[in-house]
Student: 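This is the structure I have questions about; it appears just below.
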Amino acid sequence: MSQVRVRFAPSPTGFFHIGSARTALFNWLYARHTGGTFVLRIEDTDKERNREEFLNLIYDSLTWLGLNWDEGPQVGGAYGPYRQSERADIYREYLARLTAAGRTYEKDGAVWFKLLGERYEVFDDHRKKTVTKVRTPPSVIDDRIRGRVERVEDEDFVIFRSDGNPVFHFVNVVDDIAMRITHVIRGEDHLSNTSKHVELFKAFGAPVPQFAHIPLILKQDGPGKMSKRDKGALVEEYQRRGYLPEALVNFLCLLGWNPGDDREKLPIADVVRLFDLPGVNQSNARFDERKLAHMNMVYLLEQPADQFVALARRYFEAQHPAAPALRADAAYFRAVMLLCQPKIKGLEELPAYTAYLFTEDYPVDPKVKDKVLAKGDPRARLRELSDALAGIDFASDTAIEEGIKALATSRGLGFGDYQAVARLAVSGTNVGPSITGMFRVLGRDRVRQRLDRFLAA
RNA sequence: GUCCCCAUCGUCUAGCCCGGUCCAGGACACCACCCUUUCACGGUGAGAACCGGGGUUCGAAUCCCCGUGGGGACGCCA
């Protein structure tokens with residue numbers, strides 16, 4: 001087989017969303033699986049709607065996801081330029097070829113592509129007007145995911161607008177020819193465009209690439225496919241919320257594809273090895289943010305310590321630059337983050353989860369307070385604990401645990417009888433990491449100060 | 001309206017191509033219990049699906065047809 005060349009061809013007219021990310025991912029996977037080339041091409045022929053910031057967002061998002069391109073903007077390549085706005089000469093040249101072959105005509109100032117066949121008029125119910133149709137044989141699409149699909153393309157269509165700019169169908173096909181694209185992997189919403197494209201390939205006398213139409217991602221709730229405006233649809237949202245790109249990519253891989261067994265969390269190298277077009281599902285998939293969140297937690301849990309601390313710091317710096325955590329001593333920051341790593345489901349929980357570890361001015365949850373103080377004689381226990389702490393070894397969690405247990409036993413109580421009230425006093429809440437770890441990190445003096453201050457209040 | 005695609009637990013899916021091993025497996029979510037120092041994690045368990053109808057066949061989740069449902073397209077957007 002000749003070298004595989006695939007392309008991802010986004011248009012910078014809006015935020016980069018999950019559906020685009022998955023299309024890019026599947027193209028990238030196929031290129032990597034086959035040892036082929038992944039081309040990034042920017043389809044910016046609609047001058048009205050293109051915005052430079054969206055272009056940068058495409059680069060940033062792809063890079064963040066780890067989907068590096070072999071040819072395209074920023075990296076170059078033998079078939080550039082890779083922005084359609086810079087390829088006007090090429091389009092004019094291809095148009096001349098079509099015109100020379102008698103396959104175009106002008107109408108209303110636009111250039112139309114002429115289908116071959118007998119013409120007839122018919123009233124179109126949907127568009128409420130009479131249109132000219134052409135009797136043509138069906139275009140056959142040999143889709144690598146869907147099998148053989150036939151579709152009749154029976155109307156001429158515009159390839160150059162009256163403003164002189166080419167339209168999507170034309171530039172898409174011309175660039176696929178010019179860039180030697182062998183496999184067109186794109187969303188199923190393009191399946192009905194494919195007959196237009198096939199007719200154009202044939203009119204150019206160019207080989208028709210293999211098509212692979214991947215299923216669509218449906219919005220989480222309500223009907224229809226996911227669009228940029230839907231909840232959880234934007235890639236940058238997950239980036240902002242501190243999701244790990246590996247987790248998002250892993251999750252996206254599983255939307256419409258699977259390794260053929262029960263594995264869900266799998267390294268991208270394994271996916272690259274196993275991925276193939278016939279293995280892609282044919283039915284649309286609904287996006288489930290909760291499963292994505294779970295996948296993210298799994299990845300977060302197994303981050304090596306150094307890595308996790310670095311991720312946490314970067315998250316704070318990007319999203320909470322004013323957080324007291326960032327002003328803390330680096331070793332202390334590290335100790336706190338590692339204490340909380342096994343407890344959180346996502347980095348975005350970190351600021352709230354660790355807040356009281358970075359300030360003495362933390363709020364006390366009144367509901368928790370009422371609940372905890374209602375049991376036994378909590379104040380007496382805090383007093384006892386504070387006193388006992390003076391003589392307890394703070395070197396390790398187990399040492400602290402032994403100390404508190406010894407105290408509890410001497411009073412005929414359990415560890416829990418001290419834990420709840422101590423947690424309330426030290427953190428202001430009833431949620432958090434292990435109390436012994438919390439004590440160890442805070443240190444004897446700060447813990448005792450907090451206990452005493454709580455008692456005084 | 002026309003054309004195209006699709007159809008297994010609430011969700012993502014395995015099984016379907018090469019019919020029997022499936023009273024349908026896994027994961028997320030949910031519920032219960034266990035673990036436990038709170039909250040999580042984890043463990044165990046429960047409930048939960050082959051869209052309907054016709055065929056073909058000794059036998060169909062698996063093959064065929066028709067319905068129905070879902071999705072997409074029908075722009076001088078991409």
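Below, chain A is the first sequence line, B the second, and so on; all start at residue 1. Reckoned from all heavy atoms, side chains included, excluding hydrogens, waters and symmetry mates. All figures in this text were calculated on a predicted structure; none of them were measured in a lab.
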Student: What nucleotide, of B:rA14, B:rC28, B:rC76, holds the atom closest to the side chain of A:Asn258?
Tutor: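 Nearest to the side-chain atoms of A:Asn258, counting from C-beta on, is B:rA14.
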
Student: B:rG1 pairs with which nucleotide, Watson-Crick or G-U wobble, both distances below 3.5 Å?
Tutor: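 WC or wobble partner is B:rC74.
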
Student: Could you state the CD-C1' distance from A:Gln220 to B:rC12, rounded to the nearest angstrom?
Tutor: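 In whole Å, B:rC12 C1' and A:Gln220 CD are 12 Å from each other.
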
Student: Can you give one letter per nucleotide of nucleotides 61-72 of chain B, 5' to 3': B if a protein heavy atom sits under 4.0 Å from the base, S if only from the sugar-phosphate, - if neither?
Tutor: ----------BS

Student: With the threshold set at 4.0 Å, does a side-chain nitrogen-carboxylate oxygen contact exist between A:Arg148 and A:Asp143?
Tutor: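 No, A:Arg148 and A:Asp143 are not salt-bridged.
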
Student: Which is it for A:Ser11 and A:Arg41 under the side chain to side chain donor-acceptor pair (under 3.5 Å) test, yes or no, and what are the steps along the way?
Tutor: CA-CA 9 Å; A:Ser11 123; A:Arg41 180 171 81 218; over 6 Å; no

Student: Can a salt bridge be assigned to the pair A:Lys345 and A:Glu349 using a cut-off of 4.0 Å between side-chain N and carboxylate O?
Tutor: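 A:Glu349 and A:Lys345: not salt-bridged.
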
Student: Going by number, which of residues 15-23 of chain A have a non-hydrogen atom under 4.0 Å from RNA chain B?
Tutor: none

Student: Would you mind building the protein contact string for nucleotides 30-49 of chain B? One character per nucleotide, 5' to 3', B for base within reach (heavy atoms under 4.0 Å), S for sugar-phosphate only, - for untouched.
Tutor: -------BBBBS--------

Student: Can you confirm if the aromatic rings of A:Phe26 and A:Phe275 lie within a centre distance of less than 6.0 Å?
Tutor: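 Aromatic pair counts; centres sit under 6.0 Å.
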
Student: Applying the side chain to side chain donor-acceptor pair (under 3.5 Å) test to A:Asp156, which of A:Lys114, A:Arg119, A:Arg103, A:Lys107 qualifies?
Tutor: A:Arg119

Student: For A:Gly256, report the nucleic acid contact type (base, sugar-phosphate, nothing); a contact means any heavy atom under 4.0 Å.
Tutor: sugar-phosphate

Student: My understanding is that a pair needs two contacts under 3.5 Å, Watson-Crick or G-U wobble. By that rule, which nucleotide pairs with B:rC33?
Tutor: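 Looking at the geometry, B:rC33 pairs with B:rG43.
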
Student: Please figure out whether A:Ser283 or A:Lys291 has its closest RNA chain B nucleotide nearer the 5' end.
Tutor: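 Looking at the nearest nucleotide for each, A:Ser283 comes out on the 5' side.
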
Student: Is A:Asn281 near enough to B:rU13 that one of its side-chain N or O atoms lies under 4.0 angstrom from OP1 or OP2?
Tutor: yes

Student: For the pair made of CZ in A:Arg49 and P in B:rG75, what is the distance, rounded to whole Å?
Tutor: 15 Å

Student: When you check the side-chain N and O atoms of A:Asn193 and A:His190, is any donor under 3.5 Å from an acceptor?
Tutor: yes

Student: Would you say the ring centers of A:His197 and A:Phe168 fall short of 6.0 Å from each other?
Tutor: yes

Student: Pick the P atom in B:rC23 and in B:rA60, then give their distance to the nearest Å.
Tutor: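 Comparing P positions in B:rC23 and B:rA60 gives a spacing of 13 Å.
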
Student: Rounded to the Å, how far apart are A:Arg263 CZ and B:rA27 C1'?
Tutor: 14 Å

Student: When you measure from the side chain of A:Asp288 to the backbone of A:Gln220, do you find a donor-acceptor pair of N or O atoms at a distance under 3.5 Å?
Tutor: no

